Amino acid sequence: MLTRTPALYMSLEILAYPFLFLGLYFEVFMLLTFLSAPAKERRMRSAALHTPKVAIIVPCWNEQDTIGGTVASLLALDYPADKLQIVLVNDGSTDNTKAVMDSYIGNPQITVVHQENGGKHTAINHGIEIAEDAEFVGCLDADSFVAADALREMIPCFDKPEVAAATPAMSVFQPKNMLEKMQNAEYIIGIAARHALSAVNGIYVTPGPFSFYRRSIIESLGGFKHAHQAEDMEMALRIQRAGYEIENAPRARVYTKVPRSVPKLIKQRTRWTSGFLRNVMTDYRDLVGNPKYGILGLMVLPLGFVAIVGGAFLFIVAMSSLVLNLVRTYTLTDGIPLSYTLLPRFSLEWFYLPATFLLLTSLVVGILSVSLVLIGRHVSNTPASIVIGIIGYTFIYAFIAPFWLMRSMYDVLTGKRRAWR
Amino acid sequence: MSLATRNALLALAITVAIIGTIIAAINQLDRQRIAELDAIQAQLATDTLSIETQFALLENAPCADLTVGTDLTNEVSSLGDRLNVAESRLGNDNPEVLRLKKQYTLLQIRDYILAQRIADTCDVEPVTALYFYSNEAGACDSCDRASYALSYLRQTYPQLRVYTFDYNLDLGALKTLIAVEKVEERFPAFVIEGERSYGFTDVESFQELFPEDLFATTSTSSTPVR
């Protein structure tokens with residue numbers, strides 16, 4: 001007896017095809033670029049033997065619990081103490097951060113400054129001003145911790161004078177719960193992505209945890225801006241627009257604390273995503289689709305935009321399809337005992353294999369995503385058990401991410417501004 | 001050509017190749033399905049012949065030898081399932097699917113007639129239901145529900161014999177059956193124990209169309225759902 005598949009489901013499925021194609025295309029591009037000679041050269045790069053003068057700015061706002069660990073990891077860096085200045089900038093904290101920071105006064109490597117709350121960008125700029133004789137300045141969020149060799153891995157990125165900034169290999173600090181492990185898998189994909197994109201100068205964000213900058217270029221560009229609460233992204237875009245390059249140090253490991261609850265994660269990602277949309281749609285619109293900016297302009301920024309809109313759109317489509325299916329199943333089985341309805345009906349025979357285009361393409365995209373996680377872990381030597389993270393990232397993340405995507409689009413369209421935390 | 005341009009073009013070519021491979025694999029699987037159906041077709045021919053032989057034997061054989069063995073074999077009964085899958089994937093206008101569907105329909109009609117004849121001759125009363133559906137758009141909104149309810153009843157009460165027909169199938173024998181049973185073009189249509197009825201509202205009302213003694217002894221079958 002024929003149980004027909006309504007045409008509506010098919011048309012809903014077709015809506016996913018363009019996004020799947022673009023997702024697959026981007027993953028293939030990343031893998032190809034990973035295998036290219038310039039990426040290999042970057043992986044072969046040795047840690048620096050020379051030690052230029054550097055400063056690391058730690059902007060803090062209410063970080064009394066984590067600042068100690070962050071500073072300890074910086075003091076443990078394998079780098080001459082007289083070449084490494086640590087600048088702790090208290091951005092008007094209202095907790096005990098000031099007292100914790102003051103306990104470092106007297107350490108010759110550490111400079112402690114307090115300022116009225118002016119936002120993260122003002123704290124970083126303040127730190128850069130203080131570190132006036134540093135050739136390179138790095139930022140480190142006060143909830144992040146660096147590996148001892150991270151700085152020496154970072155310095156060779158600046159061998160070419162046109163390199164204005166370099167990004168690290170960022171993963172999650174001691175991930176324990178499922179949400180943290182999922183984010184760790186995502187961050188490790190980010191390691192692979194930034195590593196591959198650095199080979200074609202396609203990096204669009206220099207993340208807060210341990211990105212480094214050539215001080216002279218940052219000064220010539222005018223320092224950090226508020227930039228819709230996405231100062232690290234805005235700086236990266238400004239560097240790209242000015243014609244400089246952004247490098248990546250795949251083994252400069254930094255571990256950062258991440259939101260441990262779904263509402264906090266959604267809040268953080270709403271800030272990131274709306275920051276991306278606002279910067280890309282307003283101040284840096286000229287970069288999008290502009291061949292002058294290469295892969296960044298023609299692929300990374302447009303696909304970033306498509307991923308946000310498409311992710312939210314596909315979620316709505318998937319949920320609509322799910323509701324329609326539930327209604328249809330209810331209608332179909334109404335009056336039939338559940339003992340019959342819930343009887344498993346899968347068959348192992350190949351004849352009944354549900355090999356649809358959507359399923360097979362999604363499978364390929366999933367396999368390539370897992371490959372990127374493995375590549376990210378491999379190139380960065382990140383010590384992480386990622387199986388649970390990958391499972392969670394594959395099957396759970398898709399149900400959470402659409403909420404911050406939709407919230408971000410709502411905020412951008414309505415002009416709504418939210419607090420940092 | 002820069003590395004970025006080269007990789008962008010190469011990635012496009014590889015992506016198109018992957019998509020093409022997926023489409024080719026799905027098409028190949030569909031072709032294999034057709035081949036599988038062809039194999040079952042050979043079984044169908046044997047079963048049809050078997051039923052015809054039973055017809056001939058019925059003239060002289062004692063009832064005890066004939067009241068068993070008229071059910072479609074397991075292999076053939078699974079053809080209904082497979083035809084459904086093939087029909088939903090390849091479309092109900094696929095010539096191969098149509099050809100097999102006609103043969104299956106023919107077999108069902110033969111089995112139905114034989115069952116009726118055995119019932120008359122040997123004084124047994126199998127409960128039979130003829131079910132007519134339509135695949136034409138908008139012709140039958142409740143056919144899916146009726147199909148599901150019949151699947152449930154057939155599995156729960158194995159003594160129930162259900163014969164399912166696509167009303168619009170272009171097959172002479174089916175048209176004759178429709179004429180003999182005086183089934184109107186209203187869907188879903190049922191002929192249960194010789195009584196015609198149309199439409200499907202709910203399972204409870206539907207069960208009232210069957211003789212009560214069918215539901216008197218509940219026995220659950222492990223027969224796969226067709």
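When reading the values below, keep in mind they use all heavy atoms of this one structure, side chains included, and skip hydrogens, waters and symmetry mates. Chain letters run A, B, ... following the sequence lines, proteins first and then strands; every chain starts at 1. As the structure is a computational prediction, the values presented were derived from the model and not from experiment.
Counting heavy atoms from C-beta outward, A:Val200 and B:Leu3 have side chains that approach closer than 4.5 Å. Put simply, the side chain of A:Arg328 reaches to within 4.5 Å of the side chain of B:Asp144, judged on heavy atoms.
Within a 6.0 Å radius of CZ in A:Arg43, other residues, nucleotides and ligands contribute more than 12 heavy atoms. By the neighbour-count criterion of 12 heavy atoms within 6.0 Å, atom NZ of A:Lys292 is sparsely surrounded, having that number or fewer from other residues, nucleotides or ligands. When the shell of 6.0 Å around CZ of A:Phe305 is examined, it contains 12 or fewer heavy atoms from other residues, nucleotides or ligands. Atom OH of A:Tyr284 sits in a crowded spot, with more than 12 heavy atoms from other residues, nucleotides or ligands closer than 6.0 Å. Within 6.0 Å of CZ on A:Phe395 lie no more than 12 heavy atoms contributed by other residues, nucleotides or ligands.
For B:Asn7 against A:Ser36, the heavy-atom pair with the smallest separation is ND2-CB, 4.3 Å. Considering every non-hydrogen atom in both B:Ile19 and A:Phe21, the closest pair reads CG1-CD1, 4.0 Å. Between B:Leu12 and A:Tyr25 the shortest heavy-atom distance is N-CE1, 3.2 Å. Here the closest heavy-atom approach between residue A:Ile336 and residue B:Ala149 is recorded as CD1-CA, 3.8 Å.
Residue A:Thr333 holds its OG1 atom at 12.0 Å from OH of B:Tyr152, rounded to the nearest 0.5 Å. Considering CG of A:Asp334 and OH of B:Tyr148, their distance stands at 11.5 Å, rounded to 0.5 Å. Annotation: the span from A:Glu27 atom CD to B:Ile14 atom CD1 amounts to 13.0 Å, rounded to 0.5 Å.
Heavy-atom distances place the side chain of A:Met299, and not its backbone, under 4.5 Å from chain B.
Residues of residues 355-363 of chain A having a heavy atom under 4.5 Å from any heavy atom of chain B, listed by number: A:Ala355, A:Thr356, A:Phe357, A:Leu360, A:Thr361.
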**Asked** Run the side-chain contact (heavy atoms from CB on, under 4.5 Å) check on B:Leu10 and A:Phe29 step by step: do they pass?
**Response** CA-CA 8 Å; B:Leu10 203 53; A:Phe29 175 81; over 6 Å; no

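Here B:Leu29 is the residue among B:Leu29, B:Leu153, B:Asp30 with the most heavy-atom pairs under 4.5 Å with chain A. Among the candidates A:Leu31, A:Asn201, A:Thr331, A:Val364, the residue making the largest number of heavy-atom pairs closer than 4.5 Å to chain B is A:Thr331.
Listed by chain and number, the residues in a side chain to side chain donor-acceptor pair (under 3.5 Å) with B:Glu185 amount to none (sequence neighbours excluded).
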